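FYI, side chains are in, hydrogens and waters are out, and symmetry mates aren't considered; it's all heavy atoms of this structure. As the structure is a computational prediction, the values presented were derived from the model and not from experiment.
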Amino acid sequence: AVSWISIYCDALQFFFSLQHNAKVAVLGASGGIGQPLSLLLKNSPLVSELSLYDIAHTPGVAADLSHIETRATVTGYMGADQLGAALKGCDVVVIPAGVPRKPGMTRDDLFNTNATIVATLADACARHCPQAMICIISNPVNSTIPITSEVMKKHGVYNPNSVFGVTTLDIVRANAFVSELKGLDPARVNVPVVGGHAGKTIIPLISQCTPKVEFPTNQLSALTGRIQEAGTEVVKAKAGAGSATLSMAYAGARFTFSLLDAMNGKEGVVECAFVRSEETECKYFSTPLLLGKNGIEKNLGLGKLSAFEEKLVAEAMDELKGSIKKGEDFVANMK
């Protein structure tokens, strides 16, 4: 007779093999964010297949990463005619493709170039992996998420629970800056950041930080301003040589791992992201989200805001609505 123990062990082994078989695509894999992001994904036991796509240099990036002694198989795809093959069978697609900011540029200045790139890539996702989770890093996120959603709608495959604007870098920065000021272990600090992903639409909820922290008004204003303009801080420091690539790759990987954990059945996974939302008068808004097997399980909303934060939210609305409309209009006017 077969022992129940061995059947149980076999079942367990099968369960775990099922759990970690995720195919993840990175579109824009040769770029400043794409390369370190791909490295971090290759290093994760959550990823079994890594599909790398870009318009140039991808075979080299894939060859380089394929020599790393971790489980994920790596394949490089290059050029428009290989995009479909890169996306086939993907569970998660992460999109850092586009041009980076240079000194003096706002995220909005990137609009025309990156809007076209994101629309093209979203179109390919709609055709080749309509069920996949789509994680958009390409700026301006406040417009590229509406673009992605509208393109998916055109194909009749839009699922608001599986399209994410990755704002994790704002949370990562807030955690780093708060822990620096308070002398805390950054790994234990969590500041929710809501709103959007540009300038004053970035709203750190310091009042909801765990562990609880307090700052005098002038320090709170300065800290909030630094979190909102942290991207510009990096653009200036790199003096024309690019924007935040390494910290963005880290944040993009963190969000992807959280999503994969949740898709594997891990409970209580919460991340903020810019998504279709009913939480405010804006159609899209970033708030903490409970993630699950099918993407967003529950939008956890804004929670209790301080008077300072309420004012920040009110002040962000017009800019956010304008950016969202800009993205929607772009798709409406596409040939």
Side-chain angles (χ1 to χ4, degrees), residues 24-44 46-47 50 52-58 60-68 70 72 74 76 92-107 110 114 117-118 135-141 144 164-180 185-187 189-191 193 197-199 202 204 226-260 271-274:
V24 179
V26 179
L27 309 185
S30 305
I33 297 168
Q35 289 200 42
L37 173 60
S38 301
L39 172 63
L40 292 167
L41 293 171
K42 172 68 173 117
N43 199 30
S44 170
L46 293 168
V47 180
L50 196 52
L52 306 183
Y53 172 82
D54 214 320
I55 53 171
H57 311 304
T58 344
V61 176
D64 195 354
L65 289 176
S66 71
H67 293 180
I68 293 172
T70 56
V74 187
V92 177
V93 180
V94 191
I95 307 184
V99 294
R101 278 203 295 158
K102 295 193 165 58
M105 283 174 93
T106 65
R107 286 181 178 86
L110 307 173
N114 288 0
I117 293 169
V118 170
C135 306
I136 305 282
I137 289 170
S138 313
N139 272 316
V141 165
T144 53
F164 303 91
V166 180
T167 60
T168 316
L169 182 51
D170 300 325
I171 292 93
V172 165
R173 285 167 166 158
N175 295 347
F177 301 165
V178 167
S179 58
E180 211 175 282
D185 172 4
V189 175
N190 182 34
V191 180
V193 181
H197 184 59
I202 298 169
R226 186 178 178 209
I227 294 164
Q228 291 175 332
E229 292 304 323
T232 306
E233 194 178 300
V234 176
V235 170
K236 281 183 181 164
K238 287 194 175 181
S243 57
T245 52
L246 301 171
S247 52
M248 185 62 248
Y250 168 85
R254 172 181 141 165
F255 184 80
T256 307
F257 299 150
S258 291
L259 194 50
L260 290 169
E271 289 282 359
C272 295
F274 187 66

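No side-chain heavy atom of Val141 sits less than 4.5 Å from a side-chain heavy atom of Val166. Thr167 places none of its side-chain heavy atoms less than 4.5 Å from the side chain of Leu169. Counting heavy atoms from C-beta on, the side chains of Val94 and Ile136 never come closer than 4.5 Å. Side-chain contact between Val47 and Val92 is absent, with no heavy atoms from C-beta onward closer than 4.5 Å. Taking the side chain as every heavy atom from C-beta outward, Thr168 and Cys272 never approach each other to under 4.5 Å. Using a 4.5 Å heavy-atom cutoff, the side chains of Leu40 and Thr256 are not in contact. In this structure the side chain of Val191 reaches within 4.5 angstrom of the side chain of Val189, judged on heavy atoms. Counting only heavy atoms from C-beta outward, the side chains of Ile95 and Ile117 never approach each other to under 4.5 Å.
Residues passing the side-chain hydrogen bond (donor to acceptor under 3.5 Å, both in side chains) test with Ser44, sequence neighbours excluded: none. With sequence neighbours excluded, the residues that form a side chain to side chain contact (heavy atoms under 4.5 Å, CB included) with Ala273 are Phe164, Phe255, Val275, Leu289. Glu229 is linked by a salt bridge (charged side-chain N to carboxylate O under 4.0 Å, His left out) to nothing, counting only residues two or more places apart in sequence or in another chain. Every residue meeting the salt bridge (charged side-chain N to carboxylate O under 4.0 Å, His left out) condition with Arg254, not counting sequence neighbours, appears here in chain and number order: Glu271.
For the residue pair Leu39 and Leu65, the shortest heavy atom distance occurs at CA-CD2, 3.8 Å. When all heavy atoms of Ala29 and Asp54 are compared, the closest pair comes out as N-OD2, 3.2 Å. The shortest non-hydrogen separation linking Gln228 to Ile202 is NE2-O, 2.9 Å. The two residues Leu259 and Cys135 make their nearest non-hydrogen contact at CD2-SG, 3.6 Å. Heavy atoms only, all atoms of each residue included: Phe257 and Leu46 are closest at O-CD1, 3.8 Å. In terms of heavy atoms, Ala174 sits closest to Val193 at CB-CG2, 4.0 Å.
The number of heavy atoms from other shown groups lying within 6.0 Å of CD1 (Ile68) is above 12.
Here the CG-CD1 distance, from Asp170 to Ile227, works out to 8.5 Å after rounding to the nearest 0.5 Å. We find the CG-NZ distance between Leu110 and Lys102 to be 9.0 Å, quoted to the nearest 0.5 Å.
At least one donor-acceptor pair under 3.5 Å links the side chain of Asn114 to the backbone N or O of Asn139.
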Side-chain donor-acceptor pairs of residues 234-252 under 3.5 Å, sequence neighbours excluded:
| unit_1 | atom_1 | unit_2 | atom_2 | d |
| --- | --- | --- | --- | --- |
| Lys238 | NZ | Ser243 | O | 2.9 |
| Lys238 | NZ | Thr245 | OG1 | 3.1 |

Let's go through Thr144 and Ile137 carefully: what are the C-alpha distance in whole Å and the side-chain angles of both, what is the deciding distance for side chain to side chain contact (heavy atoms under 4.5 Å, CB included) to 0.1 Å, and is it a yes or a no? CA-CA 9 Å; Thr144 53; Ile137 289 170; over 6 Å; no
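Ion pairing between Arg226 and Glu180 holds under the 4.0 Å rule for side-chain N and carboxylate O.
The side-chain hydrogen bond (donor to acceptor under 3.5 Å, both in side chains) pairs that include a residue from residues 27-42 are Lys42-Thr70, where partners are two or more places apart or lie in different chains.
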